[in-house]
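The next block holds one structure in the form of structure tokens; read it before the comments.
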Amino acid sequence: IENYKKLAQRELKEIKKILIIQQKPFGDILLNTGYFPELRRHFPKAQIDYLIQKPFVTILEDNPYLDNLILMDKAKGFKRFISFIKIICTVRKTKYDLIIDQLRGTSSVRIVAFSGARWRLGFKLEPKKRMGITFNRWNWIYNLSAPKGEVRYYSRWKFDALLPLGITEVEHNIFYHVKPESFEYIKTWIRENGLENIQFIVFSPGTPVKKKQWDLDCYAELGDMIQNQLQIPVILLWGPGEKEDVLYIKNKMTTTPIMALPTTFNQAGALLKYSQLLITNDGGINHLAVSQEAPSIAIFGPKSDPKKWCAWHKPIHFCLRAADYKKSQDNRFNILSLIHISEPTRLRRI
């Protein structure tokens with residue numbers, strides 16, 4: 001990557017306070033954690049803070065590379081305006097030397113613009129034309145920027161934004177701390193269900209982004225294939241608002257899956273740590289599996305790019321996507337035709 005300004009060593013040494021911005025959602029926040037160790041290595045004495053919406057705080061609350069979390073209310077209407085003003089006041093009062101805007105959305109741009117920070121870093125975006133008018137896409141707000149390089153898993157891609165700081169991509173993994181009480185919660189459930197020392201596969205079909213959700217009938221059909229041919233139990237994982245989906249799958253299956261107990265995001269991380277394999281949609285739960293080094297297969301539809309959202313560079317993470325499938329309204333994604341169930345001896349903990 002060329003054509004970007006790089007700070008001099010003298011300027012880098014003057015950076016004492018850093019704020020990272022990406023308020024949401026779960027998966028995107030989690031993908032930022034990959035570069036935290038390298039950022040801390042380059043700025044060992046700096047205060048490194050992170051701005052995050054309150055519903056997603058569990059992702060970062062135990063991260064060892066951050067000093068403080070600035071919490072933003074998830075609000076609408078006038079309450080959203082008040083929340084925004086409070087955040088601006090907090091940011092300006094803290095007097096950050098550097099802001100790293102990983103979101104580059106309308107809300108984060110406004111925070112950066114009013115931050116008072118000396119250095120404002122974000123990806124350089126290509127201008128867009130609409131109805132003959134060229135939009136600069138707020139690039140002028142940022143006095144440090146680099147264009148995105150080669151398309152790759154987003155935790156790796158995010159390093160490109162840090163090139164003006166002299167930080168380049170290194171081997172890494174994304175980080176999420178699963179609490180001891182979450183492991184105890186899951187271990188108790190595993191013991192009560194007679195699953196100790198038994199391999200099992202986890203399905204996580206829920207998602208807030210319905211266009212990414214693999215058809216629930218397909219999950220049911222695949223679950224029957226696994227339990228009939230491999231004799232390995234399938235566990236249906238669900239969180240808030242997802243129980244209806246897993247009940248539908250359970251009722252559609254001719255074999256009997258195991259309904260997991262309701263889980264938080266943190267407890268789901270503990271369950272994945274004990275699993276043989278996770279099968280899920282493209283989304284936050286798949287990134288959670290990456291953080292826990294739990295083998296996974298992510299199901300992709302035609303509108304999402306596995307190069308960005310699947311950790312394909314790691315040997316235990318896979319994706320399924322029918323490259324020639326273009327129907328955006330059919331959530332079967334033509335995936336079942338790609339699946340071949342191996343002999344049981346082929347399936348093992350990696």
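Position 1 is the first residue of the sequence; numbering continues from there. All values below come from the heavy atoms of this structure, side chains included, with hydrogens, waters and symmetry mates left out.
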| said: To the closest 0.5 Å, what do you measure between CD1 (Ile174) and CG (Asn32)? | reply: 10.0 Å
| Could you give the distance from CD1 (Ile15) to CG (Leu98), rounded to the nearest 0.5 Å? | 5.0 Å
| query | Who pairs with Arg92 by salt bridge (Lys or Arg N to Asp or Glu O under 4.0 Å), at least two apart in sequence or on another chain? | reply | none
| remark: Residues passing the salt bridge (Lys or Arg N to Asp or Glu O under 4.0 Å) test with Glu181, sequence neighbours excluded, are none
Compile the donor-acceptor pairs under 3.5 Å between side chains in residues 236-243 and protein atoms, sequence neighbours left out, one pair per line.
from   : atom 1 : to     : atom 2 : distance (Å)
Trp238 : NE1    : Ala260 : O      : 2.7
Glu242 : OE1    : Gly239 : N      : 2.9

| Does a sphere of radius 6.0 Å around NZ in Lys252 hold more than 12 heavy atoms from other residues, nucleotides or ligands, not counting ones at 6.0 Å or beyond? | no
| request: Please confirm whether the backbone N or O of Gly284 pairs with a side-chain atom of Asp28, one donor and one acceptor, at under 3.5 Å? | output: no
| query | Who passes salt bridge (Lys or Arg N to Asp or Glu O under 4.0 Å) against Asp245, sequence neighbours left out? | reply | Lys210
| message | Do Leu144 and Tyr142 make a side-chain contact, defined as non-hydrogen atoms from C-beta onward lying under 4.5 Å apart? | response | no
| request: Taking side-chain hydrogen bond (donor to acceptor under 3.5 Å, both in side chains) as the test, write out the residues that go with Ser107, two or more places apart. | output: Gln23
| Counterpart residues, ring-ring contact (aromatic ring centres under 6.0 Å, His included), relative to Tyr185 (two or more places apart) | none
| request: Please confirm whether the backbone N or O of Thr264 pairs with a side-chain atom of Gln267, one donor and one acceptor, at under 3.5 Å? | output: yes
| query | Are Phe183 and Phe175 joined in one hydrophobic group, where the rule is that I, L, V, M, F, W and Y side chains link up if heavy atoms are under 4.5 Å apart? | reply | no
| request: Would you please say whether a donor-acceptor pair under 3.5 Å links the side chains of Asp330 and Tyr325? | output: yes
| If we only count heavy atoms from C-beta on, is the Trp309 to Cys319 side-chain gap below 4.5 Å? | no
| field | Any donor-acceptor pair under 3.5 Å from Asp224 side chain to Met253 backbone | value | no
Run the side-chain donor-acceptor check on residues 295-304: report pairs under 3.5 Å with partners two or more places apart or on a different chain.
from   : atom 1 : to     : atom 2 : distance (Å)
Ser296 : OG     : Asn286 : OD1    : 3.1
Ser296 : OG     : His317 : ND1    : 2.8
Ser304 : OG     : Asp282 : OD2    : 2.6

| request: State which residue, out of Lys158, His313, His287, fulfils the side chain to side chain donor-acceptor pair (under 3.5 Å) condition with Tyr153. | output: His287
| request: Measure the CD1-CG distance between Ile201 and Leu230 for me, rounded to the nearest 0.5 Å. | output: 6.0 Å
| message | Please tell me whether Leu66 and Tyr176 are part of a single hydrophobic cluster in this structure, the criterion being side-chain heavy atoms less than 4.5 Å apart. | response | yes
| Distance-only, no hydrogens or angles: does the Tyr50 side chain make a donor-acceptor pair with backbone N or O of Gln22 under 3.5 Å? | yes
| said: Tell me whether the rings of Trp140 and Trp138 are parallel (<30°), tilted (30 to 60°) or perpendicular (>60°). | reply: tilted
| said: Donor-acceptor check, side chain of Thr207 to backbone of Val209, threshold 3.5 angstrom: yes or no? | reply: yes
| Quick one: are Gln47 and Thr94 in side-chain contact, heavy atoms under 4.5 Å? | yes
| Are Ile232 and Leu277 side-chain neighbours, meaning at least one heavy-atom pair lies under 4.5 Å? | no
| task | Measure the spacing between CD of Glu38 and CZ of Phe43 and express it to the nearest 0.5 Å. | result | 11.0 Å
| message | Please identify which of these residues, Phe203, Phe200, Tyr219, meets the side-chain contact (heavy atoms from CB on, under 4.5 Å) condition with Val234. | response | Phe203
| note | Residues pairing under salt bridge (Lys or Arg N to Asp or Glu O under 4.0 Å) where one sits in residues 257-267, two or more places apart or in two chains, turn out to be none
For a quick test of your reading: what N or O donor-acceptor pairs under 3.5 Å do the side chains of residues 74-91 make, sequence neighbours left out?
from  : atom 1 : to    : atom 2 : distance (Å)
Thr90 : OG1    : Lys86 : O      : 3.0

| field | Reported CD1-to-CG distance for the pair Ile29 and Leu103, which is rounded to 0.5 angstrom | value | 9.5 Å
| query | Do Lys5 and Pro164 touch side chain to side chain, with heavy atoms closer than 4.5 Å? | reply | no
| task | Fit a plane to each ring of Phe56 and Phe26, take the angle between them on a 0 to 90° scale, and name the class: parallel (under 30°), tilted (30 to 60°) or perpendicular (over 60°). | result | perpendicular
| query | Distance-only, no hydrogens or angles: does the Asp97 side chain make a donor-acceptor pair with backbone N or O of Lys17 under 3.5 Å? | reply | yes
| said: Show, in sequence, the C-alpha distance, side-chain angles and deciding distance for Lys307 and Trp312, and conclude whether the side chain to side chain contact (heavy atoms under 4.5 Å, CB included) test is met. | reply: CA-CA 7 Å; Lys307 288 183 180 179; Trp312 46 266; 4.3 Å; yes
| Okay, side chain of Glu293, backbone of Val290: is any donor-acceptor separation there less than 3.5 Å? | no
| field | Common cluster, Phe159/Val151, ILVMFWY with side-chain heavy-atom separation under 4.5 Å | value | yes
| request: Report yes if the side chains of Ile235 and Leu195 come closer than 4.5 Å at any heavy-atom pair, otherwise no. | output: yes
| said: Tell me which pairs pass salt bridge (Lys or Arg N to Asp or Glu O under 4.0 Å) where either residue lies in residues 46-67, with sequence neighbours left out. | reply: Arg40-Asp67, Lys54-Asp73, Glu61-Lys179
| message | Pair Thr168, Leu163 - check side chain to side chain contact (heavy atoms under 4.5 Å, CB included), show working. | response | CA-CA 6 Å; Thr168 56; Leu163 288 171; 3.7 Å; yes
| query | Could you walk me through whether Phe36 and His172 pass the side chain to side chain contact (heavy atoms under 4.5 Å, CB included) check? | reply | CA-CA 10 Å; Phe36 288 179; His172 67 280; over 6 Å; no
| request: Drop me the distance from Asp101's CG to Leu19's CG, to the nearest 0.5 angstrom. | output: 9.0 Å
| query | Any side-chain heavy-atom pair from Gln292 and Val178 closer than 4.5 angstrom? | reply | yes
| Donor-acceptor contact below 3.5 Å, side chain Lys24 vs main chain Gln53 | no
| task | Give a yes/no verdict on a cation-pi contact between Lys308 and Trp157, requiring under 6.0 Å between NZ or CZ and the six-membered ring centre and an angle within 45° of the axis. | result | no
| Around atom CD of Glu196, are there more than 12 heavy atoms of other residues, nucleotides or ligands at under 6.0 Å? | yes
| Just by distance, do the side chain of Asn251 and the backbone of Leu247 share a donor-acceptor pair under 3.5 Å? | yes
| field | Trp189: ring-ring contact (aromatic ring centres under 6.0 Å, His included) partners, not counting sequence neighbours | value | none
| said: Less than 4.5 Å apart, side chain to side chain, heavy atoms only: is that true for Leu222 and Ile335? | reply: no
| message | If we ignore hydrogens and angles and just use 3.5 Å, is the side chain of Trp214 paired with the main-chain N or O of Arg332 as donor and acceptor? | response | yes
| Do Val170 and Leu39 share a hydrophobic cluster, counting only Ile, Leu, Val, Met, Phe, Trp and Tyr and linking them when any side-chain heavy atoms are less than 4.5 Å apart? | yes
Using distance only, find each side-chain donor-acceptor pair of residues 115-123 under 3.5 Å and give its atom names and separation, not counting sequence neighbours.
from   : atom 1 : to     : atom 2 : distance (Å)
Ser115 : OG     : Val112 : O      : 2.8
Ser115 : OG     : Ala117 : N      : 3.1
Arg118 : NH1    : Glu14  : OE1    : 2.6
Arg120 : NE     : Ile141 : O      : 2.7
Arg120 : NH1    : Ala117 : O      : 3.0

